[in-house]
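Only this structure's heavy atoms are used, side chains among them; waters, hydrogens and symmetry mates stay out.
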Amino acid sequence: MTVHQPNHARVIPLRRDPAPSGPAPSGPAAPRPSDPPAAPREPLWRHLVGDALRKERQAQERTLKDVADVARISMPYLSEVERGRKEASSEVLAAAAGALGLGLGDLLARTHAELVRVTSRRTAVGTRPVVRDGSAHNGLCLAA
């Protein structure tokens, strides 16, 4: 005869925080005054590419089905690419861009412009802004 023991999992914290005094908060933990403010996350390339494809498709007032048929890719896959859920190959991106009347370079240029726009608003701690003086190196200096 076997005795069934309850299967309880033990949680072992990786970092010990001082025990809070009073009842535990019900929502997300409030940041401590000593914590630095969380920097916004850089967008992923696949999200930016998907946004660029979706904006162009909507600007042309075309459906996912129409663009997917012309690009010869499945409509669900194109939807996943537009939502940034799939890392599309260069062939798929070229086909989707071509179906929208864009070259792959046009799509990548739009994506790059959006990446620069989004990340230029961020200020990283301990970094200096790049001086745009028109030089080919944008302030980059190499020393031996």
Side-chain angles (χ1 to χ4, degrees), residues 5-144:
Q5 296 291 329
N7 188 6
H8 295 287
R10 258 184 38 183
V11 176
I12 302 170
L14 297 177
R15 175 179 33 179
R16 293 197 185 270
D17 288 332
S21 59
S26 61
R32 292 181 225 146
S34 62
D35 290 345
R41 296 178 65 190
E42 272 193 11
L44 296 176
W45 184 255
R46 68 176 185 255
H47 293 152
L48 297 171
V49 170
D51 288 344
L53 286 170
R54 176 181 284 125
K55 285 178 186 174
E56 182 61 30
R57 180 180 59 79
Q58 290 174 340
Q60 294 180 15
E61 298 180 352
R62 293 175 65 189
T63 64
L64 268 171
K65 181 172 179 10
D66 174 43
V67 174
D69 288 347
V70 173
R72 299 182 53 93
I73 57 179
S74 76
M75 187 178 70
Y77 188 74
L78 179 58
S79 174
E80 294 282 299
V81 169
E82 281 191 357
R83 289 184 289 153
R85 294 189 175 199
K86 296 290 183 189
E87 283 284 353
S89 68
S90 58
E91 291 88 355
V92 169
L93 293 178
L100 293 167
L102 300 173
L104 183 57
D106 299 324
L107 175 63
L108 298 181
R110 290 178 184 199
T111 305
H112 174 261
E114 181 64 11
L115 179 63
V116 169
R117 186 188 70 76
V118 169
T119 57
S120 67
R121 291 184 294 173
R122 297 178 59 222
T123 56
V125 176
T127 61
R128 296 185 343 211
V130 175
V131 177
R132 307 264 182 223
D133 61 357
S135 71
H137 301 291
N138 287 332
L140 178 66
C141 177
L142 300 175

Do the side chains of K55 and D51 get close enough for a salt bridge, i.e. N-O under 4.0 angstrom? no
T119 versus P43, closest heavy-atom pair with distance: CG2-CD, 4.3 Å
Is a side-chain N or O of R62 found less than 3.5 angstrom from the main chain of R57, in a donor-acceptor match? no
Can any side-chain N or O of R46 pair as donor or acceptor with the backbone N or O of G84 at less than 3.5 Å? yes
Could you tell me the separation between the [atom1] atom of [X] and the [atom2] atom of [Y], rounded to the nearest 0.5 Å?
| X | Y | atom1 | atom2 | result |
| --- | --- | --- | --- | --- |
| H112 | W45 | NE2 | CH2 | 7.0 Å |
| I73 | E91 | CD1 | CD | 12.0 Å |
| R54 | S79 | CZ | OG | 7.0 Å |
| T111 | H47 | OG1 | NE2 | 13.0 Å |
| L44 | E87 | CG | CD | 7.5 Å |

Sequence neighbours excluded and cut-off under 3.5 Å, please list the side-chain donor-acceptor pairs for residues 99-110, or say none.
unit_1, atom_1, unit_2, atom_2, d
D106, OD2, G103, N, 2.9
R110, NH1, E56, OE1, 2.5

If the condition is salt bridge (charged side-chain N to carboxylate O under 4.0 Å, His left out), which residues does R72 pass it with, not counting sequence neighbours? none
E82 vs L64 side-chain heavy atoms within contact, under 4.5 Å: yes
Any L53 side-chain heavy atom under 4.5 Å of L93 side chain: yes
